[in-house]
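Basis for what follows: all heavy atoms, side chains included, without hydrogens, waters or symmetry-related copies. In this text, all values refer to a predicted model and were calculated from it rather than measured experimentally. Chain identifiers are assigned alphabetically (A, B, ...) following the order of the sequence lines, protein sequences preceding nucleic acid strands; residue numbering begins at 1 within each chain.
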Amino acid sequence: MTAVADAADLRDRLVPWYRRVARSLPWRDAPSPYHVLLSELMLQQTRVETVLPYFARFTRRWPTLEALAAADLDDVLHAWAGLGYYRRARALHAAAQAAVAAGGLPSDPAALQALPGVGPYTAGAIASIAFGVPAPAVDGNVERVVCRVDGRQDDPRKGPARRALTARVAALTAPGVASEVTQGLMELGATVCTPRSPRCGSCPWTDVCVARAEGLVDVLPRLPARKAPVAVRGVAGVLRAGDTLLLGRRPEGLLGGLWEPVMDEVTDADAEGDAAAAVVEVYARRAGVAVDVVRNAGRVVHVFTHRRLTLDVFEVRADPGTRVGGDGSYDALAFVDAHAPDVALSKLARKVLDAADGARRQPPLLDGLAHRDGAGGDAG
DNA sequence: AAGTCGGGGGT
DNA sequence: ACCCCAGACTT
């Protein structure tokens, strides 16, 4: 067996390495508690490259914690649209309001974790990065880096292993260099000790790494296999009235607070039978509108973490002046500008609208067929 | 402990 | 295809 490295040794290798190679990132170059809170919420389960344009947009529009706290939640959701995990946007807004009410962001990890959207990792990250408090911050990168350097073969997400991992990181995180240790661990995981094809030749820990010595780099950390997303079918209808478009706002939950063309999940039998009839039913139920199907606009496939949704998309029409209502399963229904909808749209909604636009730009060769055929073979 | 909650990039 | 990302929250 190979000996586990000393914490002080690891720290003394990590901090100078981090200072040398740290990427220039906006929340590093202009650090402030607000910037750290904003970046950390955005970075949850999200890559740095994805966050960059959103971080720039937010800081330009809401330069301070106070400005964000005073913003309308709808505007925050709109600015967040496309980033995913939309509960984070609500949490960010609520956390900003709570922090402003308390006179500013706290530096204590326990107080930070009391804020909405701030869990064990984010509390440690903000405390150490924004305030220099030596609190451990264990994210997916840190979990992988530490499992490898220590040669840990247990599941690092289960209770006892999790606590040991956190204690190990706490021993690494020392006063005076807390920010560099936290960011250095994550930088190491993001740029060198990557899930696949790690660059061990560029690692400051390579000659004290247990996984390296024992040939376990490729199998650590040992995480349980994740379940494949479940296949689900659905139908969507794009209803245009002049230069406007009918959209519904989803309630809290999946894509909560975002707007979309009227759609719903349907049974496999309905999807494979008469999808056009299904979309008529969905409109009657969810929007209270009697529609006719104009054309089949093909299929859209959208993959969520635990669901793979295949939507049959239709262009539909209704009598002018039709009033909307429905069963209340949408928070709101509204006609918006068809060319520049000024509301928060999910990526799924954009795909559906793009499919309808694409189908509309090329008039069907067999115009009457879409009506009789329903979900028939002319998709796509 | 297990399920929910987006979207995208790397391999 | 599959993995997994600067995770939190609910049940």
Side-chain angles (χ1 to χ4, degrees), chain A residues 18 22-23 25-28 35-55 77 80-92 94-95 112-130 136-145 155-162 166 169 179 181-191 193-199 218-219 221 223-230 250-258 260 301-309 344-351:
Chain A
Y18 173 70
R23 292 169 290 177
L25 299 173
W27 47 89
R28 285 180 180 166
H35 285 174
V36 175
L37 170 72
L38 179 60
S39 64
E40 289 302 337
L41 268 289
M42 288 183 165
L43 285 162
Q44 288 171 3
Q45 296 284 235
T46 309
R47 296 171 185 280
V48 167
E49 298 71 31
T50 304
V51 164
L52 288 172
Y54 287 88
F55 182 85
L77 268 171
W80 196 280
L83 194 54
Y85 286 138
Y86 298 98
R87 182 171 54 184
R88 293 183 296 171
R90 300 172 187 275
L92 170 65
L112 284 164
Q113 199 172 332
L115 295 171
V118 178
Y121 159 75
T122 305
I126 297 174
S128 58
I129 298 172
V138 183
D139 74 327
N141 286 309
V142 177
E143 170 186 286
R144 181 174 58 256
V145 167
D155 180 349
R157 301 188 181 175
K158 290 190 176 297
R162 191 72 188 175
T166 302
V169 174
S179 174
V181 169
T182 292
Q183 297 193 72
L185 286 170
M186 292 188 287
E187 193 81 355
L188 193 57
T191 66
C193 195
T194 49
R196 283 166 304 286
S197 306
R199 301 162 179 77
D218 293 328
V219 300
L223 298 173
R226 66 192 53 202
K227 290 192 292 189
V230 177
R250 298 179 64 106
E252 288 193 46
L254 182 66
L255 303 176
L258 276 72
E260 67 185 17
V301 177
H302 194 72
V303 181
F304 300 98
T305 302
H306 59 291
R307 214 173 301 184
R308 174 191 172 84
L309 178 62
L345 292 174
S346 67
K347 294 290 186 180
L348 170 62
R350 290 191 183 282
K351 285 183 187 176

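Heavy atoms of Arg162(A) sit nowhere under 4.0 angstrom from any nucleic acid atom. If you check every strand for non-hydrogen atoms under 4.0 Å, Leu309(A) touches nothing. At the heavy-atom level, Ser346(A) lies under 4.0 Å from the strands shown only through sugar-phosphate atoms. Contact annotation for Gly189(A): no contact, since no heavy-atom pair falls under 4.0 Å across all strands.
One can place CG of Leu41(A) at 15 Å from C1' of dG6(B), the figure rounded to the nearest angstrom. Between the P atom of dG6(B) and the CZ atom of Arg307(A) lies a distance of 10 Å, rounded to the nearest Å. Taking atom CG of Leu254(A) as the reference point, atom P of dG7(B) lies 8 Å away to the nearest angstrom. In this structure, Leu83(A) places its CG atom 9 Å from P of dG7(B), rounding to the nearest Å. Regarding Arg250(A), its CZ atom lies at a distance of 13 Å from the C1' atom of dT4(B), rounded to whole Å. Rounded to an integer number of Å, the gap from Leu223(A) CG to dA1(B) C1' is 16 Å. Here dT4(B) presents its P atom at 16 Å from CD of Gln45(A), a figure rounded to the nearest Å. What separates CH2 of Trp80(A) from C1' of dG6(B) is a distance of 11 Å, to the nearest Å.
OP1 or OP2 of dA8(C) lies within a sub-4.0 Å distance of a side-chain N or O belonging to Thr122(A). Between Arg157(A) and dG7(C) there is no side-chain N or O to OP1 or OP2 distance below 4.0 Å. Contact annotation: Gln44(A) side-chain N/O to dG7(C) OP1/OP2 distance is not under 4.0 Å. Between dG7(B) and Tyr86(A), a contact under 4.0 Å exists linking OP1 or OP2 to a side-chain N or O. Remark: Lys158(A) is not in phosphate contact with dA1(B), judged by side-chain N or O atoms under 4.0 Å from OP1 or OP2. Between His302(A) and dG6(B), a side-chain N or O to OP1/OP2 separation shorter than 4.0 Å is absent.
The side chain of Lys347(A) lies closest to dG8(B), out of dG8(B), dC3(C), dA6(C). When the nucleotides dC3(C), dA6(C), dG7(B) are ranked by their closest atom to the side chain of Arg23(A), dA6(C) comes out on top. Of the candidates dA6(C), dC4(C), dG7(B), dG7(B) carries the atom nearest the Phe304(A) side chain, counting heavy atoms from C-beta on. Checked against dT11(B), dT4(B), dG3(B), the side chain of Arg196(A) finds its nearest nucleotide in dT11(B). With dG6(B), dA6(C), dC5(C) as the candidates, the nucleotide lying closest to the side chain of Leu255(A) is dG6(B). For Ala190(A), taking side-chain heavy atoms from C-beta onward, the closest of the listed nucleotides dC4(C), dA6(C), dC5(B) is dA6(C).
Of the possible donor and acceptor atoms, one in the side chain of Arg88(A) sits under 3.5 Å from a partner among the backbone N and O of Leu83(A). Arg199(A) contributes no side-chain N or O that, together with a main-chain N or O of Cys193(A), makes up a donor-acceptor pair within less than 3.5 Å. Remark: side-chain polar atoms of Arg47(A) are not paired, donor with acceptor, to backbone N or O of Leu43(A) under 3.5 angstrom. Side chain of Arg250(A) to backbone of Leu254(A): a donor-acceptor contact under 3.5 angstrom is found. Distance alone, capped at 3.5 Å, places no donor-acceptor pair between the Thr50(A) side chain and the Thr46(A) backbone. Side-chain N or O atoms of Arg144(A) include one that pairs as donor or acceptor with a backbone N or O of Gly189(A) at under 3.5 Å.
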- Under the side-chain contact (heavy atoms from CB on, under 4.5 Å) criterion, do Leu185(A) and Val169(A) qualify, and how do the steps go? CA-CA 9 Å; Leu185(A) 286 170; Val169(A) 174; 4.0 Å; yes

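Taking the C1' atoms as reference points, dC5(B) lies 14 Å from dC5(C), given to the whole Å. Nucleotides dA6(C) and dT11(B), compared at atom P, are 13 Å apart to the nearest Å. Look at the C1' atom in both dG7(B) and dT10(C): the space between them is 22 Å, to the nearest Å.
There is no side-chain donor-acceptor pair under 3.5 Å between Lys347(A) and His302(A). A donor-acceptor contact under 3.5 angstrom links the side chains of Tyr18(A) and Gln183(A), judged on distance only.
With Trp27(A) as reference, Leu52(A) is the one residue of Leu38(A), Val36(A), Leu52(A) to meet the side-chain contact (heavy atoms from CB on, under 4.5 Å) rule.
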Nucleotide N/O of nucleotides 9-11 of chain C paired with protein N/O under 3.5 Å:
{"residue": "dC9(C)", "atom": "OP1", "partner": "Gly117(A)", "partner atom": "N", "Å": "2.5"}

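For dG6(B), its base sits under 3.5 Å from the side chain of Thr46(A) at one donor and acceptor pair at least. Residue-to-nucleotide contacts include a donor-acceptor pair under 3.5 Å from the side chain of Thr305(A) to the base of dG6(B).
Closest-nucleotide positions on DNA chain B for Gly256(A) and Ser197(A) were compared, and the one nearer the 5' end corresponds to Gly256(A). Where Gly159(A) and Tyr85(A) meet DNA chain B, the nucleotide closest to each residue was compared, and Gly159(A) sits on the side nearer the 5' end.
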- 5'-to-3' dot-bracket of DNA chain B (Watson-Crick, G-U; under 3.5 angstrom; crossing pairs as [ ]; | other strand): |||||.|||||

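Between Phe304(A) and His306(A), the ring center distance fails the sub-6.0 Å criterion.
Of the charged side-chain nitrogens involved, none lies within less than 4.0 Å of a carboxylate oxygen, so that Arg87(A) and Glu252(A) do not count as a salt-bridged pair.
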